[in-house]
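Below is one structure, written out as C-alpha cells, with a few remarks after it.
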There are 2 protein chains.
Amino acid sequence: MSETATPATVLTDAQRQRILDAVDAAFDDQIAFTQELVRHPSVRTNEQSAQDLIFGALEQRGLEMDRWQLDPEDLAEHPGAGYVEVSYDGVDNVVGTYRPASEDGRSLILNGHIDVVPEGPEDQWSRSPWDAAIIDGWLHGRGAGDMKSGLVANLFALDAVRAAGLTPTGRIHLQSVVEEECTGNGSLSALMRGYTADAVLIPEPEEDMLVRANVGVIWFRVRVSGQPTHPREMSHGFNAIDAAYHVVGRLRELEERWNAEKTKHRYFEDLDHPINLNVGKINGGDWGSSVPAWCEVDLRIALYPGVTAEDAWQEITAELAKITEDDGGHAIEAVATRTGFFAQGYVLEEGSSAEEALRESHRAAFGGAELGSFTTPGYLDGRVFVQYADIPTLVYGPVSEAIHGNDERVDIESIRRITKSIALFIAEWCGVDDEV
Amino acid sequence: MSETATPATVLTDAQRQRILDAVDAAFDDQIAFTQELVRHPSVRTNEQSAQDLIFGALEQRGLEMDRWQLDPEDLAEHPGAGYVEVSYDGVDNVVGTYRPASEDGRSLILNGHIDVVPEGPEDQWSRSPWDAAIIDGWLHGRGAGDMKSGLVANLFALDAVRAAGLTPTGRIHLQSVVEEECTGNGSLSALMRGYTADAVLIPEPEEDMLVRANVGVIWFRVRVSGQPTHPREMSHGFNAIDAAYHVVGRLRELEERWNAEKTKHRYFEDLDHPINLNVGKINGGDWGSSVPAWCEVDLRIALYPGVTAEDAWQEITAELAKITEDDGGHAIEAVATRTGFFAQGYVLEEGSSAEEALRESHRAAFGGAELGSFTTPGYLDGRVFVQYADIPTLVYGPVSEAIHGNDERVDIESIRRITKSIALFIAEWCGVDDEV
C-alpha cells in the first residue's frame, strides 16, 4: 500500500492520552521483560535462547509467527550481504505479524536486533554484564542499550495501542533479527524473505534523536607475513607483528584521506571524524622466542553513503598492494579478506510522511520538544530497507552510555518516552479503529 | 670425581683413527635415525613419542635407564626455574647412563633437548617441516638443526667409541631433556634429580664453534587494558592494541639502554646488538567493531651474564610502572607476568681442561683447524650446569640455517665432523680401556 493512499490518522487528544497512559500502565512489566532479555547473553551465534523468549512473547500476543534460520548461500547472492565466517546453525530471525481484518492503513516494520557484541573482560565491568541491574534510573548490561530496550519497546508500544482500545488498521511486522553487529545479514534475510512495508522503525540507542545519515561499514582481516628466525639472528628476520602495525599505519593514512573528503558528503561536513578505522582484534606469532611469521589484524572501516562497498574495497586492497610495492627490501606481504560487513551507508531523505508522523509523535511524547536529527558514524540496518527496498526508515531510540564498552547502560525514563513515541507513531502511521 | 684427579687420556693416532672410522661406518644409520626423530613433531608438551624413540635407542644400547615426568612444584623451589603455564602431564626427561665397571675416568653429561619450537605457518615452508628430507647435503625440518642432529650425535659418538673397541672409563649420562625452548626446566630438573659430572657437552647448532658466553632470557607477557567503546565514539575510547604497541616501543627504549651497556660486559663488547627484545606473540580484542579493551603481548628479552633475572625483571616492571605514570591522561595499565624463561646467562671461563680436551678433538676431527669460540645472544641450557653446579659446559655443534625459522636445515657433513669430534672428546675426557 502506497503511503499516499491513506493519510495518517489524526489522533484525538483523548486517544493520545489513552495510549500514553497504557505505556505507563505496562511500563514496569516492560522493564522487567527487558531485564529478562538482557540476562540472555545473545552474542553472535548464541542468540537462540533470547529469540525463544521473543518468539514466546510475540506468539502469546496472537501474532502470526515466522521463524527461520539464515542461509549463507542465499545471502551470498545478495550484493549487500556480509561475509559469513561462522556457522548459522541455530541462528534464526523471528517475525511476528499483526494483520488487521481489513488492511486499510499503512504498513510498518518495527525492527530490532537481538544480537549483542561480546562483553570483553568481565573484570573491567563494575558488575556482571548479564545481571541487568537497575541503578539510579539506568538499566545496566551488555545489550541493554544496543538494543534490547528498543526491541522490547517495539513490542510494548504495539501492546499499548491495543490496550488503549485502538485497533491498528495497517499490517505490522515485529522483527527480531540477528547479525546486526557483524554483517547486517539478519535484516537483509528478512527483506529477502519478502517482508516489506510503507515504513520501518528501528529503536537503536540514538539519544532520543532520528538518524539522518550514517556510514557504511566494511569488516576485513589483513594477514601480514614475516620472516621468522631465532632472536639471536633477529636482524635477519622480519617481524610480522611489527609489520602489521606498519600496515595499520598506512591504512590510517587512507582513513585520513577519506576524512578529508567529508566536505563532499552531505550531512557529514560538520562531523569531526566521520570515518573511523578500528583495529578490533589482533592475533599473531606462535612462540615467544621466534620472530613471528604471521600476524592477523581484524579491522573495521567506515564509508560514506554513496560510496559503494565495492569501490571502498578496491581502494583498500590497492593501498595494501602499494605497501608491498613501496617496501622493496623486506617485501611485506599484506593480504586482505572480507570478514563481515560489506555495507553502504544511507541517507534518510528529508520530507517523508513517515518522518512527519514521527515528529508529531515525538512532540506528544516529549512534552512538545522538536525531534532532532543527526548523522552517526556507525553502521545501521536501516541501510537494508532504504537501499534495497526504498522504504523510509526511522532509526530513533533511547539514551544510552557505553554501548560496545564496559558498563553499558540505558536511561529508563528515556525508554518510557521513546516507547510512548513509538506507540503514538504506530497509531498515527497505520491508522486505528477506536473500539472504545 | 674432580677433573684434576685424572688427566685426559692421550689417544694414539691409531685409536683416533678407529674412532673416526667407526663414526663413518655408522653415519648412514645416524642420519636415518636423525630423520626418524625429526619426523616426530616434538613441540612443547608433545615430546612423548620422540622421547619414546630415544628411550628405546638408549635402552637397546644397554644403558641404565631413567625417565621421569617434570614436577612444576619441585621446580618452582629453584630460583632458576622458568614459569610453567602448561601441564607437564607426559612431559618427561630421559637419561641413559653408561657406567663403567670401575669409574677411573672423568664423568661426562652429554645433553641435548628433544623439544622443538613450533613450525609456524606450513605454507611458508618449501616442504613439510616434518618430512626430514635430505637435499644437496642438508637435512631439512623443524628441529633438524635445533637440535635433534646434535642429540643423536651424542648417542652415535658414544657408539663409535665402543664400536672402535674402546671402553670409556668414566661415567656418562646421555640426557634427552624437554623444555629447553621455553623455560630450561628440563636440564634443571635433571640437575635437581642429582645428575652431575666433571663436564657437560651440548651439541646445539653453533656453526662448529664453542660458545664462550651467552645471554640469559626472560619470557613475559604484558597485558594492556584499554577503554572499549563503539567506533562511533572512538575518540572517547582507548585502543588497547595501540596502547600495546606504545608499551612495546617503551620496552624497546629499555632494550637500547641495555645494548648501550654492552661495553661493560666481557665477551659482549663486539656484538652489534646483544640484547634482543622479541615480540613473539600478540593477541587482543574481542570484536571488529569494538575498540579493544585488552591486548596481550608475549615478549622475550635477553640479559647479560652477571645480571640476575631478578634484577632484570625489576627494571622491566619499573619501566612498565613508569609508562602508566607518564601517561596521566589515558592511564594505560600495563601489567607484566612471567611466562617462561627466568634465566641468567653464563660465561664458559677460559682454560678448563674440558675445553682443552675439546680443542684437541676438534683439531683431529676438522683436519687440524683450531676450535673457534664466540658469544651468542641466545639462551642455552649450559647456564643450568655452569651456574648451579659449576661444571664446565661445552656448547658446540653443527652448522645449521634458519633455526626457529622456515626451512630449518642442518649441514650433514658438519654433523659428521661434530660427531667425530664428540666421539674423540668422550674417549679423551673419560679415558678408555682398549680391548683390541
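Proteins come first, then strands; the chains are lettered A, B, ... in the order of their sequence lines, and each starts at number 1. Scope of the values below: all heavy atoms of this structure, side chains included, with no hydrogens, waters or symmetry mates.
Trp287(A) touches chain B through backbone and side chain together, each having a heavy atom under 4.5 Å away. Contacts of Glu181(B) with chain A are made by both backbone and side-chain atoms, with heavy-atom separations under 4.5 Å. For Glu119(A), no part lies near chain B; criterion is any non-hydrogen pair under 4.5 Å. Heavy atoms of Arg221(A) lying under 4.5 Å from chain B are absent altogether. Proximity to chain B (any heavy atom under 4.5 Å) is restricted, for Phe341(A), to the side chain, taken from C-beta onward. Residue Thr375(B) does not touch chain A at all, counting heavy-atom pairs closer than 4.5 Å. Using a 4.5 Å cut-off between heavy atoms, Asp242(B) touches chain A through backbone and side chain atoms alike.
Residue Tyr267(A) qualifies as enclosed at atom OH: its count of foreign heavy atoms under 6.0 Å is above 12. For Tyr83(B), the OH atom sits in a loose shell: 12 or fewer heavy atoms of surrounding residues, nucleotides or ligands are nearer than 6.0 Å. Annotation: Asp123(A), atom CG; neighbour count of heavy atoms from other residues, nucleotides and ligands within 6.0 Å is above 12.
Listed here is the closest heavy atom pair of Arg300(A) and Gly288(B): CB-O, 3.4 Å.
Of the possible donor and acceptor atoms, none in the side chain of His404(B) sits under 3.5 Å from a partner among the backbone N and O of Val291(A). Although no hydrogens or angles enter the test, the distance criterion places no donor-acceptor pair under 3.5 Å between the side chain of Asn239(A) and the main chain of Asn278(B). Within the 3.5 Å criterion, the main-chain N or O of Lys281(B) finds no donor-acceptor partner in the side chain of Asp286(A).
The choice from Tyr245(B), Trp294(B), Trp219(B), Tyr379(B) that makes the most heavy-atom pairs within less than 4.5 Å of chain A is Tyr245(B). Contact count versus chain B (heavy atoms, under 4.5 Å) is highest, among Val117(A), Asp146(A), Asn283(A), Ile241(A), for Ile241(A). Between chain B and the residues Gly378(A), Ala244(A), Pro121(A), the most heavy-atom pairs under 4.5 angstrom are made by Pro121(A).
With a 4.5 Å cut-off on side-chain heavy atoms, Ile282(A) and Cys295(B) count as touching.
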